[in-house]
Amino acid sequence: MTVAGGATPVTEAALADALQTAAMRCGRLSDGQVRSLRRRRRSAIAAVATAPVAIALLFMASDGFVGTPTAPRVATRMFATRAGERSTVTLADGSTVALNGATRLRIVYGDGQRSAELLAGQAFFDVRHDVARPFVVRAGASDTRVLGTAFDLDLTRTQVALAVYRGAVGFDPVGSPRGVVVRAGYRSAVRGGVAAAPTKFDPVLPDWRKGWIDTAGMRLDDLVETLDRQGGVRIARPVEPLASTTIFGRFRTDHPHQLLNAIGSGFGFTVVEGQGALTLKPAD
C-alpha cells in the first residue's frame with residue numbers, strides 16, 4: 001500500500017521485531033514501555049487507514065464546494081435554410097420555430113435563459129410559457145421579449161417587422177427604452193431606431209407559411225428581398241427612387257415574376273429578365 005507522505009504502515013511482525021530488539025539491547029521491557037509501543041502502533045495504523053479517506057474528501061470538496069465555480073450550462077444551436085427552403089424546428093422546451101427561405105437563426109438555451117438571434121430572413125415563433133425564463137429574440141436593431149406567445153419576425157435591410165398571433169410581446173429598438181407592447185392581432189416595425197405604433201391585422205388570414213404576403217406599406221426593395229427568399233430566379237434589388245416605393249395589398253408569393261409584373265403595371269416599373277435574374281426598371 002502506498003501512503004501519502006512516504007510513511008510505512010506498522011505491522012504486528014514489525015512490532016514483535018522491535019520488542020525483541022529492545023529486549024536484547026535494554027533487557028526486558030517494563031509493562032509501561034510495552035503499552036507505550038502498542039499505543040504508537042495503533043496511532044500509526046489509524047493515520048494510515050484514514051489518509052485515503054481524507055484525500056477523497058479533499059477531492060470532493062474541491063469539486064463541489066471550494067474549487068472553481070461550475071459555469072452555467074448553455075447550449076447554442078444554429079439553424080439555416082437556403083432560398084426556396086422552409087423548415088420547422090422544435091426546441092428543448094417544446095417551443096417551435098418555422099423558418100422561411102434564406103433564413104439564419106441562432107438559439108441559446110441555458111439555466112435561466114432562452115434567447116435567439118434572427119441573423120437573416122423570417123421566422124415564426126410559437127413559444128412555450130415559462131415565467132422563470134423569458135424568451136428574447138434579437139433581430140437587427142430590435143429586441144422582442146415574451147413569456148409564451150406566437151409571433152412572426154421579418155428582418156429585411158430597412159426594418160424589422162413583427163406580427164403577434166397569440167399573447168403579447170414587448171418590442172424594443174436596441175438601446176432605446178421607448179418600445180411598444182404588441183398584442184395578438186396587431187403588428188409593428190422598427191425602422192431607424194423607432195418602433196411604430198401597433199396597427200391591426202387579421203391573424204386568421206394565411207401568411208408566408210401558406211404562400212401569401214400582406215405588404216401593408218412595405219418598401220418595394222423589402223418586398224423584393226422577401227420574394228427572393230422563395231428561390232428560383234434571383235431578383236436584383238431596385239435602386240432609388242424605385243426602392244422606397246411603398247406597396248399595399250395581399251399577394252401570392254409563389255410566382256414572383258408574375259407578381260412584380262402586376263405591381264409594376266400599377267406603380268410605373270417594368271420587369272426585365274436576363275442572366276438568370278429579374279431587374280426592375282422605371283417605365284419609360
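Small disclaimer: the values here were computed from a predicted structure and weren't measured.
No continuous path of hydrophobic side-chain contacts links L162 to F201 [ILVMFWY only; heavy atoms under 4.5 Å]. By the criterion of side-chain heavy atoms lying less than 4.5 angstrom apart, applied directly or through intervening Ile, Leu, Val, Met, Phe, Trp or Tyr residues, L119 is not grouped with F125; the two fall into different hydrophobic clusters. In the hydrophobic clustering of this structure, Y186 groups with V160; members are Ile, Leu, Val, Met, Phe, Trp, Tyr whose side-chain heavy atoms approach within less than 4.5 Å, directly or through other members. Grouping the Ile, Leu, Val, Met, Phe, Trp and Tyr side chains by contacts below 4.5 angstrom, directly or via other members, places I107 with V169. Connection of V181 to V136 is not established within any shared hydrophobic cluster, with ILVMFWY side chains joined at heavy-atom distances below 4.5 Å, either directly or through further cluster members.
How far CG of N100 is from CG of L153: 12.5 Å, rounded to the nearest 0.5 Å. Put simply, CG on D221 and CG on L280 are 10.0 Å apart, with the number rounded to the nearest 0.5 Å. Rounded to the nearest 0.5 Å, atoms CZ (R252) and NZ (K210) are 10.0 Å apart. Atoms CG and CD1, from L278 and I235 in turn, are 5.5 Å apart once rounded to the nearest 0.5 Å. Between the CG atom in L227 and the CG atom in L259 there is a gap of 5.5 Å [rounded to 0.5 Å]. In this structure, R104 CZ and L118 CG are separated by 9.5 Å, a value rounded to the nearest 0.5 Å.
For the pair S188 and V182, the tightest heavy-atom approach, listed with the atom from each and the gap, is CB-CG2, 3.9 Å. Among all heavy-atom pairs drawn from A123 and V97, the shortest one is CB-CG1, 3.8 Å. Between V174 and G140, the shortest heavy-atom contact is CG2-O, 4.2 Å. Heavy-atom minimum distance, W208 versus R86: O-NH2, 3.0 Å. Among all heavy-atom pairs drawn from V190 and A141, the shortest one is CG1-O, 3.8 Å. Looking at every heavy atom in both residues, L155 comes nearest to A139 through CD1-C, 4.3 Å.
In this structure, R250 contributes its side chain and P206 its backbone to a donor-acceptor pair below 3.5 Å. When atom types are taken as modelled, the side chain of Q113 and the backbone of G110 share no donor-acceptor pair closer than 3.5 angstrom. Checking side-chain atoms of T144 against main-chain N and O of F171 turns up no donor-acceptor pair under 3.5 Å. The main-chain N or O of L99 is never found under 3.5 Å from a side-chain atom of S87 such that the two would form a donor-acceptor pair. The closest donor-acceptor contact from the side chain of R114 to the backbone of R133 lies under 3.5 Å. Remark: the backbone N or O of G211 is paired with a side-chain donor or acceptor of T253 at under 3.5 angstrom.
Between R138 and E117, none of the side-chain N atoms (NZ, or NE/NH1/NH2) sits under 4.0 Å from a carboxylate O, so this pair counts as no salt bridge.
In Q275, the CD atom is not crowded: 12 or fewer heavy atoms of neighbouring residues, nucleotides or ligands sit closer than 6.0 Å. Counting non-hydrogen atoms of neighbouring residues, nucleotides and ligands closer than 6.0 angstrom, the CZ atom of R234 reaches no more than 12 such neighbours. When the shell of 6.0 Å around CZ of R209 is examined, it contains more than 12 heavy atoms from other residues, nucleotides or ligands.
Of the candidates D152, D207, T103, D152 is the only one forming a side chain to side chain donor-acceptor pair (under 3.5 Å) with Q122. Among the candidates L91, V89, D126, V127, the single residue satisfying the side-chain contact (heavy atoms from CB on, under 4.5 Å) test with T96 is D126.
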Margin query: Could you go through L205 and D214, starting from their C-alpha distance and side-chain angles, then the distance that decides it, and tell me whether this counts as side-chain contact (heavy atoms from CB on, under 4.5 Å)?
Written below: CA-CA 9 Å; L205 295 176; D214 186 349; 5.7 Å; no
Next item on the list: Show your reasoning for whether side-chain contact (heavy atoms from CB on, under 4.5 Å) applies to V164 and R183.
Entry: CA-CA 6 Å; V164 179; R183 304 187 182 281; 5.9 Å; no
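No side-chain heavy atom of L223 sits under 4.5 Å from any side-chain heavy atom of F251.
Contacts classified as side chain to side chain donor-acceptor pair (under 3.5 Å) and involving residues 154-163 (residues at least two apart or in different chains) are given here: D154-R229, T156-D222, R157-E225, T158-D222, Q159-R191.
Residues F248 and F267 keep their aromatic ring centres 6.0 Å or farther apart.
Ring geometry for Y109 against F135 counts as perpendicular: the plane angle is over 60°, on a 0 to 90° scale with 30° as the lower cut.
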